[in-house]
Enquirer: 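Take this structure, written in C-alpha cells, and hold onto it; I'll ask about it next.
Both counts, for ligands and for their atoms, begin at 1 and track the order of listing. Fair warning: this is a prediction, and the values are worked out from it, not measured in the lab.
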Amino acid sequence: MELFKALGEYDYEQIVFMNDKETGLRAITCIHDTTLGPGLGGTRYWTYEKEEDAVKDAMRLARGMTYKNAASGLPIGGAKTVILKDPNNRVNEEALFRAFGRFVEGLNGRYITAADVGTGEVQMDYVYQETNYVAGTSLKPGTSGNPSPSTAHGVYMGMKAAAKKAFGTASLEGRTILIEGVGKVGYILAEKALAEGAVVIAADLFNGPRERARELGCDIVDSNDLFSVKADIYAPCALGATIHDESLRQMEAAGIKVIAGAANNQLEEARHGDQLEEMGLVYAPDYIINSGGVIQVADEFNGGYNAERAKKSVENIYNQIEKVFDIAERDNIPTYQAADKLAEERIEAVRKTKKVFVNHAKSIINR
Ligand code: NAD
C-alpha cells in the first residue's frame, strides 16, 4: 500500500500508529478531517488477516465519520480507531485499553474516542482512567449511556421527513411500516410508530425479539419472506446491504414508497441508490437518519450530557433529511449523493472561516 498516495486520495489529515510491547497494543487512529471540530469516532477491536486491512478499515471508517458528523450538523470532525486483536494471545484488557487511553491523551483533543464493534462501556471506562477525550464511559460525570434510544428517535424523525416527501404528510398514522430487525433500535422505532397510529409489521431472525414485537402490537412476517406483505415504508434495522436488485423488485411489488431505517451501509452498491430513485422511491440516506447515537455521544462534550438538549439535537435529523431532499432536487441527483453533498458543502463553508487568525480556537472540547 502506498500510504501517502492513499492519504492524498481523500485528503486524510493524520494516521497515528500506536505500539506498546508491554500490553500488546497495536492500534491505528485515523483522523480524516477536523475542519468542523475534533475528530470523533469509535474504537473497533477486531482481528484482521493483514495489517493493511486494518489500516484500510480505519481510513474507510474515519472518512465515513467525517460525512456522518458533518451531515448531522455536529461541530465535530471524523476519525476512527482500530485496535488489532490477536486471537492467539490473551491480553490484559485493562492494561491494553489504558495504554490506548494514554495515546489518545497524547493527541490532546484532536481525537475523541467512543465504543464500536468489540468495545463497550467497560473498555471505555479503562480508557477514561487515562484521558477525558472519551465518550460512553460510565464513570464520567454527565455520561450519556446507551445510544440506541437516540438512534431510534432519529430514525423516527427521519422517517417522518421522508413520509412528508412521499405522501405529503409527516404523520405516520395509518401507514404500514415494515421493520426488518426489532433489536435495540428497531423495537423502540416500532413503539414510536405504533404510538402514532401506524400499523407495524416486524421481522427478526430470532424468536425472542419477534415475540417481544408481537407483545408490543406488531404483526409478524417471516424474515425470509419480508416483502410478501403490503407496506408503505421499509425500515431496515438489522444488517446492511439489504437494498439490491432483487429486494428492489420485491419492494415494488409490496408497494413500498419510502426506505428509512437504522442499518449502516444499506445500499449493496451505489447504483442501487440510483435505481431506487428511478423507481420513484424516497430514500432517507442511512448515515444521516441513523446519526442519533453519535449526536447523543457528542452532547457529553457540551459540559456533560443533557437529555433534553440532546433530544432536540436528534430531532434536527428531520431538517437534515429535508435538506438532503432539497439538494437532491436542486442538483437533480439521488439522495445518497445529496447526503455527501450536504456534508461537503458544510465543511467547505466552515473551512473558509479558518482564514481568520485566532490565538486559541474554541471548540466543543473546551467549552
Ligand atoms: P441489534 O443487534 O440490537 O438488532 C438487530 C436485530 O436484527 C436483531 O434482533 C437481529 O436478530 C435482527 N436480524 C439480524 N439479521 C436479520 C435478518 N436478516 N432479518 C431480520 N432480522 C435480522 O442492533 P441495533 O443496535 O438495533 O442496530 C440495528 C442496526 O442499526 C445495525 O445495522 C446497526 O449497525 C445500526 N446502527 C445502530 C446504532 C445504535 O445506536 N444501536 C447506531 C447507528 C447504526
Enquirer: I'd like to know whether the aromatic ring centres of Y234 and F227 sit less than 6.0 Å apart in this structure.
Expert: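 Y234 vs F227: aromatic centres under 6.0 Å.
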
Enquirer: For D116 and T43, test the side chains for any donor-to-acceptor distance below 3.5 angstrom and give the result as yes or no.
Expert: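 Checked: D116/T43 side chains show no N/O donor-acceptor pair below 3.5 Å.
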
Enquirer: Just by distance, no angles: are the side chains of N264 and N290 close enough, under 3.5 Å, to form a donor-acceptor pair?
Expert: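 Checked: N264/N290 side chains pair up, N/O donor to acceptor below 3.5 Å.
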
Enquirer: Does ligand 1 have any N/O atom under 3.5 Å from a protein N/O, and what are those pairs and their distances?
Expert:
residue: ligand 1; atom: 3 (O); partner: K184; partner atom: N; Å: 2.9
residue: ligand 1; atom: 3 (O); partner: K184; partner atom: NZ; Å: 3.1
residue: ligand 1; atom: 9 (O); partner: D204; partner atom: OD1; Å: 3.3
residue: ligand 1; atom: 9 (O); partner: D204; partner atom: OD2; Å: 2.7
residue: ligand 1; atom: 11 (O); partner: D204; partner atom: OD1; Å: 2.6
residue: ligand 1; atom: 21 (N); partner: L205; partner atom: N; Å: 3.4
residue: ligand 1; atom: 26 (O); partner: K184; partner atom: N; Å: 3.1
residue: ligand 1; atom: 26 (O); partner: V185; partner atom: N; Å: 2.8
residue: ligand 1; atom: 30 (O); partner: A262; partner atom: O; Å: 3.2
residue: ligand 1; atom: 32 (O); partner: A238; partner atom: O; Å: 2.6
residue: ligand 1; atom: 34 (O); partner: N264; partner atom: ND2; Å: 3.1
residue: ligand 1; atom: 40 (O); partner: T151; partner atom: OG1; Å: 2.7
residue: ligand 1; atom: 41 (N); partner: S148; partner atom: OG; Å: 3.1

Enquirer: Checking Y336 against E277: is there a side-chain donor and acceptor pair closer than 3.5 Å?
Expert: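 Not at all, the side chains of E277 and Y336 share no donor-acceptor pair under 3.5 Å.
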
Enquirer: If you measure only the distance, is there a donor-acceptor pair under 3.5 Å linking the side chains of Y287 and N69?
Expert: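 Absent: no donor and acceptor within the cut-off.
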
Enquirer: Quick one: is the NZ or CZ of R175 closer than 6.0 Å to the six-membered ring centre of F167, and within 45° of its axis?
Expert: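 Yes, a cation-pi geometry holds between R175 and F167.
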
